[in-house]
> 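Sharing a structure with you now.
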Amino acid sequence: MHSYRVAVIGAGYVGLTTAACLASLGHRVTCGEVDAAKVERLRRADVRILEPGLPELVAEGLAAGRLDFVVGAAAATADAEVVFLCVPTPMGEGGTADLTAVEAVLTEVRDHLPAGCVLVNKSTVPVGTAERTAALLGRDDVAVVSNPEFLREGSGVRDFLNPDRIVVGSRSRAAAERVSALYAGLGAPTVLTDAASAEMVKYAANCFLAMKLSYVNSLAELCERLGADIGDVTEGMGRDNRIGPSFLDPGPGWGGSCLPKDTNALMRVAEAAGFDFGILRSVIAANDRQADRVADKVAEAVGGSVAGVRIGLLGLTFKAGTNDLRDSPALAVAGVLHARGADLVGYDPGLLALDQPEAHDLLAAAGILTLVDDVLDVAKDAAALVVLTEWPEFRGLDWHRVADALAGRVVVDGRNHLDPDALAKAGIAWRGLGHRHAQQSLTAPA
Ligand code: UDX
């Protein structure tokens, strides 16, 4: 496979994964990042993102001389054949994607990009951004390509190296082919298209996943009312090949750094195009109700009101396997319980694993709960425990010890994650989402 000289701008979650994985495929990668302290750390392979395999790949790339980190975008692009833009596109005013970081990088690199190089947008950007990028760049000798990423946090390296598909879009066929050649070693099916369609694929996929989850969460609520069991229903549905078993687990709502941002952005894009995307509006509205729904279940479990009641929260990150609190549904539920007067204590395995001032600052700023670093401390004197993130270790807890610490022996399982029988053996009542027994009150043995 041909080895390319690649620049990656941005050493965040997507940029760092892209840089380390491309280096592991044999390309020579320079990663440009504005944060000088981060560059220093990365040069020592000190990775602060909780992502399996990433620290090892960064260390290997550095040792092999195929990966380097520099301060700034222009410095990284000096002799690049392909330049990846991996800077944040957060939710801006009114739900549109905020392209400030993309524009700042374009301004910085415009006069430095080598002639004939290809500029690739990996960040999720509104349909039409590739065209706008080309106009902003104003360089006929640099082609612009859209190559969206489909990396899940917590399995980003695996997703990068074992993709379901690669999507590459550009007006220039030669540029698109150069970008797909970077991934030649992966043997993945490749969709070559125009830039607008490639940009659309990313939104279309993420909004579809959000739709699946809103559908399942709504279905869970209906199951409860009808005495059906969502676990059996989703198993029966998921075995249909046209539907598939993934993204069918009910929860406290979808969140994280992508789904909320992308659903809102596509809504705005549709509005701007004069299209009433009613189905997507309902998907978002259903998710907005989900935190209240879980909070209602907690209130019911503790006798009607959470005001002045101590509640222990198991899991705060937006999903298991990350230390990311951005748009975490767990924090949305915590916010609702706090607003209703609950006294909240929280525990999350992902927030112990690393020294992460950002997460602790975010929690302190929210000021809605006290973070503890032991499961028994979160259970101590609590009227109920609430599972909000599906950390595997929660399944194996010593429920007898947890029961001894609890004031009220009930667990509201906002992820349908625990084994109700294991809890019952310890005298703890289990209440999940969408189960035929969800409304049944289990009395703890004396
Ligand atoms: C997502 C997309 O999957 C990925 O392709 C895209 O590039 C970025 O956004 P990520 O945000 O890491 O990845 O999370 P993902 O694993 O997709 O989960 C999204 C949300 O759905 C989380 O809040 C998760 O807890 C929730 N979820 C997922 C459920 O509630 N139930 C499920 O069955 C699956």
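Ligands are counted one by one from 1 in listed order, and the atoms in each one are counted from 1 as well.
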> Answer yes or no: does an N/O atom from Arg415 fall short of 3.5 Å to an N/O atom of ligand 1?
yes

> Can you find a non-hydrogen atom of Ser257 under 4.0 Å from ligand 1?
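Outside the 4.0 Å threshold, so no.
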
> Is Cys258 close to ligand 1, meaning an N/O of one under 3.5 Å from an N/O of the other?
no

> Decide whether an N or O pair under 3.5 Å exists between Asp249 and ligand 1.
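Between Asp249 and ligand 1 (N or O atoms, distance only) the closest approach is under 3.5 Å.
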
> Give the C-alpha distance, both sets of side-chain angles, the deciding distance and a yes or no for side chain to side chain donor-acceptor pair (under 3.5 Å) between Asp348 and Trp391.
CA-CA 8 Å; Asp348 190 289; Trp391 286 99; 3.2 Å; yes

> Just to be sure I read this right, does ligand 1 sit under 4.0 Å from the backbone of Asp159, its side chain, both, or neither, counting only heavy atoms?
neither

> By number and element, which atoms of ligand 1 are closer than 4.0 Å to a non-hydrogen atom of Leu248?
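Heavy-atom distances to Leu248 below 4.0 Å select 33 (O).
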
> So, Trp430 and Asp419: side-chain donor and acceptor under 3.5 Å apart, yes or no?
no

> Might you point out which heavy atoms bring Asn323 and Leu351 nearest each other, and give the distance in Å?
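In this case the closest contact between Asn323 and Leu351 is O-CD2, 4.0 Å.
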
> Can you tell which of Glu390, Arg326, Lys319 gets a heavy atom nearest to atom 10 (P) of ligand 1?
Lys319

> For ligand 1, which atoms sit closer than 4.0 Å to a heavy atom of Leu209?
3 (O)

> Which residue pairs satisfy the side chain to side chain donor-acceptor pair (under 3.5 Å) criterion with at least one member in residues 89-102, sequence neighbours excluded?
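Passing the test, one end in residues 89-102: Thr89-Lys261, Asp98-Thr100.
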
> Below a 4.0 angstrom heavy-atom separation, can you tell me which part of Lys202, side chain or backbone, both or neither, approaches ligand 1?
side chain

> Looking only at distance, does Leu259 have an N or O less than 3.5 Å from an N or O of ligand 1?
no

> Out of Phe247, Phe150, Tyr13, whose heavy atom sits nearest atom 17 (O) of ligand 1?
Phe247

